[in-house]
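Not measured: the values here are computed from a predicted model.
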There are 2 protein chains.
Amino acid sequence: MRAARVVPIHPVSRAEPPARRAPRCSACAMRALCMPAELSADELTRLDAIICATRSVKRGDALYRAGDAFHSIYAVRAGSFKTVVMHREGREHVTGFQIAGEALGLDGVGTCQHNCDAIALEDSVVCIIPFAQLEAVCRELKPMQHHIYQMMSSEIVRESSQMMLLGTMTAEQRVATFLLNLSRRFKARGFSAAEFHLRMTREEIGCYLGMKLETVSRMFSKFQRERLVAANGKTIRILDHEGLARV
Amino acid sequence: MRAARVVPIHPVSRAEPPARRAPRCSACAMRALCMPAELSADELTRLDAIICATRSVKRGDALYRAGDAFHSIYAVRAGSFKTVVMHREGREHVTGFQIAGEALGLDGVGTCQHNCDAIALEDSVVCIIPFAQLEAVCRELKPMQHHIYQMMSSEIVRESSQMMLLGTMTAEQRVATFLLNLSRRFKARGFSAAEFHLRMTREEIGCYLGMKLETVSRMFSKFQRERLVAANGKTIRILDHEGLARV
DNA sequence: CGAAGGATTGACATTTGTCAACACCGGTGG
DNA sequence: CCACCGGTGTTGACAAATGTCAATCCTTCG
C-alpha cells in the first residue's frame, strides 16, 4: 500500500478501538447482504478470521472523518449513518445514507485516506473489515474478489443515479425518489416497505437531495395533500407507491 | 462471473470488433496513467499479454451502451468520450467526460451489464482490457490488484465531488469548476492548462452540470465580461485561474 | 453554397431559496 | 407535574436563480 501524499486536514490519530470481538460472520443474519452468496463453509471460515471486531458508534459521533488514515472498510450491523463531504468554507454535502447491511468506507481505498465523514444517525454498530487482509483473501478466493469489485462498482452505479437525480429532477421528484429508494432498502432488509422511521433530519435530507430543508418540508406537505404519503414527523407511511413513482 | 438477471433494454448483440492488435503497453506513452507505477518489467509483460486489442470508435458512435453485456474495461488511448445514463422517457444525464489516459466501463462490473452509454465525442481509440483476465492477473500481482481498487475508488471519490457540485453550487460555480477541472486534466496529460478545445457541445456540458445549455452559454459570456476566460466557440483560454477558483 | 446544428442573447415564467414567524416535541430541572 | 428550552419542522411572503421560448447569428460539413 503506498503512503498517502496528501496532508491530512484533520488530526489523524484517533483512538480507534472502542472495538469488541465480533460474532462470527457465519452466524450473522445479514451475511447475504455483505458477502457473496456462493461462499463455501470453508471460505466463510477464512472471512470469519479477518472480521474479528465490531465497533459501537454513538449517535452524532464519527466512525471516521475525511483525512483519517484508511485501514478498514465497515459493514453496518445495526443503526444507520450518513456520509458527508466537506469543501473549504463550510460547503457541505451528504453523499449517502447507510442502513444495516450496507458498506461504508470504500472511498478510502484510492488514496489511503478517507474522503468523507461517516456520522452515526443513531447509536450504531459496525463490523470492522481490515482492508489489507481482505485484499489478501481476495487474491485467493475468486468469489470474494469478485464480490469486492461488485460492491465498488455498485457504489459507482448508485452514485451515477444520484447524479442523475441531482442533475435532472425537480425537488418534488427527488423527494419522491428518495422515499421510494428508502422503502426498497428497508424492504430488502425485512422491514416494512410502507411505513418506516426516518433517522435523519429534514436538513440532512435536503443536503442529500440538493435542496433546502424548507423545500423538503413543502414537498412532504404536498405529498400529504395528494394522499401519496402520511408523514407524522419522522414516521413515514407510503400510501400510494405507484403515485409516488409517477411524480 | 454470474449471469446477469436484468432484461437488456437495448439489443445486446453488437458486433464488437473493429478491433486491431494493440501496440504493447510497455511501449505506451500513457502507461503511467492507466497502470500502477511500480510494475516490474516482468509484470508488465503479463499485462501486455491480456491487452491485445484496440478499437476505433467514430465520433458519435457508442463504445458500449447501457444493457450491453460487460466483458471489458477500456482505456482511452486517443480522443474523448462522454458517459450518459438514461431514464425512462428520455431523461438523460451525462455522468462524465473521459479524455486520453482515463478509464471507461468500471460501472459494468457489478451487474455484468454496462450501466450507461459511452459515446465518442470525436474519432477515438481505446485499449480493450478483458475483465476476466484482468481479475486473474490481479489475483497474482498485488500491485495490479491494488491499482484496480484504486481506480474504482477514485471513480467513487470523483462522483462524490460531482454530487457535491450538483447539490451545493450555483450555475456560475459549476461552470468555473468544470473549466478548472478540465484544465488540470489536460495539464496532467502534457497539454496546455490555459488553452484547450472543448469537444462537447454546450448542451452536453449543461447536461453534465445539471443546467440548461442557455445557462452554460450565459456563464461563459459572464466569465468573458469579467476577463476570467476568453472563449471563442469551443476554444477556451483561461485568463485568470485564481479568479475562476474564487467564483 | 446552403442546410442544419450549435451558440448567443433577450423577455418572461417558474422553481427554489431566503427570511421570518410560529408550532411541535422531547427532555430537563424547578 | 409543569414550564421552559433548544432543536426541529411547517408555512407564508417575497427575492433570486434558473428555465423556457423565441429570434438571430455563427460554424461546420456535406
Side-chain angles (χ1 to χ4, degrees), chain A residues 58-60 82 90-94 119 121-123 165-179 197-226 228-237 247, chain B residues 58-61 82 90-94 97 119-123 165-179 197-226 229-237 247:
Chain A
K58 282 228 176 314
R59 174 180 172 177
K82 64 172 175 179
R91 197 195 304 288
E92 194 170 312
H93 185 73
V94 174
I119 311 287
L121 295 175
E122 58 193 308
D123 293 355
L165 177 145
L166 291 169
T168 74
M169 294 188 186
T170 64
E172 186 182 12
Q173 294 170 324
R174 293 181 208 187
V175 175
T177 304
F178 170 72
L179 291 176
H197 194 78
L198 298 176
R199 301 333 286 223
M200 65 295 283
T201 66
R202 300 289 190 266
E203 178 162 27
E204 288 164 332
I205 296 172
C207 201
Y208 177 59
L209 297 177
M211 65 189 73
K212 294 293 153 177
L213 66 97
E214 291 94 331
T215 307
V216 176
S217 188
R218 280 184 240 275
M219 293 309 147
F220 277 25
S221 303
K222 185 156 188 287
F223 290 154
Q224 292 208 78
R225 280 197 303 277
E226 294 167 354
L228 297 174
V229 309
N232 183 3
K234 296 196 154 155
T235 304
I236 300 287
R237 177 198 295 268
V247 161
Chain B
K58 281 228 175 316
R59 173 180 174 175
D61 285 355
K82 63 172 176 179
R91 197 197 302 289
E92 193 169 312
H93 185 74
V94 174
F97 297 111
I119 312 287
L121 295 175
E122 57 193 310
D123 293 356
L165 177 144
L166 290 169
T168 75
M169 294 187 187
T170 63
E172 185 182 14
Q173 295 170 324
R174 291 181 212 189
V175 175
T177 304
F178 170 72
L179 290 176
H197 195 77
L198 297 176
R199 305 328 292 222
M200 65 294 284
T201 66
R202 300 288 190 265
E203 177 161 27
E204 288 164 333
I205 296 172
C207 202
Y208 176 59
L209 297 177
M211 67 189 73
K212 294 294 154 180
L213 66 97
E214 291 94 332
T215 307
V216 176
S217 187
R218 281 184 238 275
M219 293 308 147
F220 277 25
S221 303
K222 185 157 187 286
F223 290 155
Q224 293 208 76
R225 279 197 303 279
E226 296 167 352
V229 309
N232 183 5
K234 296 196 157 160
T235 304
I236 299 288
R237 176 198 295 269
V247 160

Value in whole Å for how far the [atom2] atom of [N] lies from [atom1] of [X]:
| X | N | atom1 | atom2 | value |
| --- | --- | --- | --- | --- |
| B/Leu198 | D/dT28 | CG | P | 13 Å |
| B/Lys212 | C/dG6 | NZ | C1' | 16 Å |
| A/Glu203 | C/dT18 | CD | C1' | 14 Å |
| A/Met211 | C/dG17 | CE | C1' | 12 Å |
| B/Ile205 | C/dA7 | CD1 | C1' | 11 Å |
| B/Leu209 | D/dG19 | CG | C1' | 16 Å |
| B/Leu121 | C/dG5 | CG | P | 18 Å |
| A/Arg199 | D/dT8 | CZ | P | 15 Å |

Identify, residue by residue, the members of residues 214-225 of chain A with a heavy atom below 4.0 Å from DNA chain D, and return them in order of residue number, or none. A/Glu214, A/Ser217, A/Arg218, A/Ser221
Provide the closest heavy-atom pair for [X] versus [Y] in the form atom of the first, atom of the second, distance.
| X | Y | value |
| --- | --- | --- |
| A/Leu198 | A/Phe220 | CD1-CE2, 3.9 Å |
| B/Glu204 | B/Phe97 | O-CZ, 3.7 Å |
| A/Thr215 | A/Ala171 | CG2-CB, 3.7 Å |

Contacts of A/Gln173 that satisfy side-chain hydrogen bond (donor to acceptor under 3.5 Å, both in side chains) - sequence neighbours left out: A/Thr170
For a 4.5 angstrom cut-off between non-hydrogen side-chain atoms, does A/Val229 reach A/Arg237? no
In Å and rounded to the nearest 0.5 Å, what is the CD to CE distance from A/Gln224 to A/Met219? 13.5 Å
Can you tell me if A/Lys234 touches the phosphate of D/dG9, counting only side-chain N or O atoms and a distance under 4.0 Å to OP1 or OP2? yes
Please confirm whether the shortest side-chain N or O distance from B/Arg202 to OP1 or OP2 of C/dT9 is below 4.0 Å. no
Looking at A/Lys234, I want to see if its NZ is surrounded by more than 12 non-hydrogen atoms of other residues, nucleotides or ligands under 6.0 Å. yes
Which is more 5' along DNA chain C, the nucleotide nearest A/Glu172 or the one nearest A/Asn232? Just name the residue. A/Glu172
From the set C/dA7, D/dT18, D/dT20, return the single nucleotide nearest to any side-chain atom of B/Thr170. D/dT18
Is B/Arg174 touching bases, backbone alone, or none of the nucleic acid, heavy atoms closer than 4.0 Å? nothing
